[in-house]
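Below is one structure, written out as structure tokens; the observations come after it.
Because only heavy atoms are used, hydrogens play no part in the values below, and waters and symmetry mates are left out as well, while side chains stay in. Just so you know, these numbers come straight off a predicted model, no measurement behind them. Below, read A as the first sequence line, B as the second, and so on, with proteins coming before strands; counting in each chain starts at 1.
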Amino acid sequence: MKKELKRVDQFIHEIEPEGDMRVPGRIFVSQKLLDLVEDETIKQVANVATLPGIQKYSMAMPDVHYGYGFPIGGVAAFDVKTGVISPGGVGFDINCGVRVMRTELESADITDPKRLIEELFRDVPSGVGSESEHVRLTEKDLMEAFEYGAEWAVENGYGVEEDVRHCEEEGHIEVQDLSLISQRARKRGIKQLGTLGSGNHFLEVQYIDEIFDEEVAKAFGLHRGQVTVMVHCGSRGAGHQICTDYLKVMEKASKKYKIKLPDPQLVAAPIESEEGRAYLDAMSAAANYAWANRQMITHWVRDAFATVYKREIEMDLIYDVCHNIAKIEEHDVDGKRMKVCVHRKGATRAFPPDHPDVPAAYRSVGQPILIPGSMGTASFILVGTQRAMELTFGSTCHGAGRLMSRHGAKKRFRGSDIRKDLERHGIIVKATRDSVISEEAPEVYKESSEVVNIVDKLGIARKVARLMPIAVAKG
DNA sequence: ATGTGC
């Protein structure tokens, strides 16, 4: 399969249309990273190209790897009038995303990272099946969180209005009909709002060790040596349940609308059908839940710092991005302005300077893009570009991509060894279980710097700053 | 990712 790819540029490898493919596939990757992409993943990119209404290309970012139906790292835009929407193009963890806060602290101020991470661990509930410890939500609270997202959290005392303005979509997408959220999703959701979860989700204290673009860094309020805090998590069991619920709905819809599927995991419905609209609505509610979730965690992070430093520490939200979502956006397609549904699954929006959806504070430089590294490795802040609008429907990568299965990682690494090794490098890791540390070992992922360098060189984002870990809390 | 899976 890999042999059949046509190289059209140093970092663009094309899958020429064959069989039912309506458009070519495009994998944006270096030769070195392409060698790490499995044939099954390339097949997934080709499969997505068969779906009705797809525009330009079925695309994959340099951190692409195998996923449910669509590859993780996949970007696909569908004409709103003739195209489809597919839960597999969003992923189970709807609005899995990242936020970063800048602080008034310098790296030298983190004198006791162990104490800090223990306090953060105490204040932010973490781990598989973690439940909210500091709050008891009513059904009304939950439904408001599903409807208003980060705004609900701020109105209920978790953070400030400025936080909301610094979220993608201002932390909330309009939902028409909350009755579409199943009882099961509500039951799972009510206990888990304000929790970190597990797996690759984390909370990290970092410092900026390199600035690549002084002007943009200044606009984002960043300087070398500054301490930042990154939160990576999503919509927990609620989003997972909503995805599961709608995979069933879509299975029927695919038959009803006679959509020919090369893989049953690609079940979809026309965007303008009853089922398509229902999924978009329920997905938006899950996205709002995730924004409320990250907002509550932000509040407790601020609390934890205040406890440790015995005073309030200034911690402004730089930005909050989602990297698992489908959105209705306007794009230029072959010189024509068009309404499309952009699926970004393990891909981040990368809007350029002057785009109306970029917060006013950053509009002159472009949208901040937040790329988490794997445990113990660098994370990056980038900025959106016009080139991304032309090449990838305003999208870029989302992080390092997994190289090894969780099972394989557990067999190969011991959590305690990894932790000691990171500690020797001055990085503190605290997790609920040692097995989590082995599953997330740095060696299990592609190098985030490699992925980031490709999107930077390709121009679908520009590097602004590098963030090095000091202390990590893993679920 | 997930009231984890082989």
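Atom CG of A:L196 is separated from atom P of B:dT2 by 9 Å (rounded to the nearest Å). Atom NZ in A:K410 sits roughly 11 Å away from atom P in B:dT4 (whole-Å rounding). For the pair A:E440 CD and B:dT2 P, the computed distance is 11 Å after rounding to whole Å. If you measure from atom CG of A:N324 to atom P of B:dT2, you get 11 Å, rounded to the nearest angstrom. What separates NE2 of A:H407 from P of B:dT2 is a distance of 20 Å, to the nearest Å. In this structure, the NZ atom of A:K474 is 15 Å from the C1' atom of B:dT4, given to the nearest Å. Distance CD1 (A:I72) to C1' (B:dT2): 13 Å, rounded to an integer number of Å.
Ion pairing between A:D245 and A:R184 fails under the 4.0 Å rule for side-chain N and carboxylate O.
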Side-chain donor-acceptor contacts of residues 63-75 of chain A below 3.5 Å, not counting sequence neighbours, with atom names and distances?
residue: A:D63; atom: OD2; partner: A:H398; partner atom: N; Å: 2.9
residue: A:D63; atom: OD2; partner: A:H398; partner atom: ND1; Å: 2.6
residue: A:D63; atom: OD2; partner: A:G399; partner atom: N; Å: 2.9

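Look at A:R406 and you won't find any side-chain N or O under 4.0 angstrom from OP1 or OP2 of B:dG5.
Within the structure, side-chain hydrogen bond (donor to acceptor under 3.5 Å, both in side chains) pairs that include any residue of residues 399-412 of chain A comprise A:R402-A:E440, A:R402-A:Y445, A:R406-A:E439, A:R406-A:E440, A:K410-A:E439 (at least two apart or interchain).
With hydrogens and angles ignored, no donor-acceptor pair under 3.5 angstrom links the side chain of A:R184 to the base of B:dT2.
Nucleic acid contact class of A:Q192 (heavy atoms, under 4.0 Å, all strands): sugar-phosphate only. Within the nucleic acid shown, A:T244 has no heavy atom closer than 4.0 Å to any nucleic acid atom.
Between A:V128 and A:H201, the residue anchored nearer the 5' end of DNA chain B, judged by the nucleotide with its closest heavy atom, is A:H201.
Ring orientation note: the planes of A:H343 and A:F78 are nearly perpendicular, at an angle over 60° on the 30°/60° scale.
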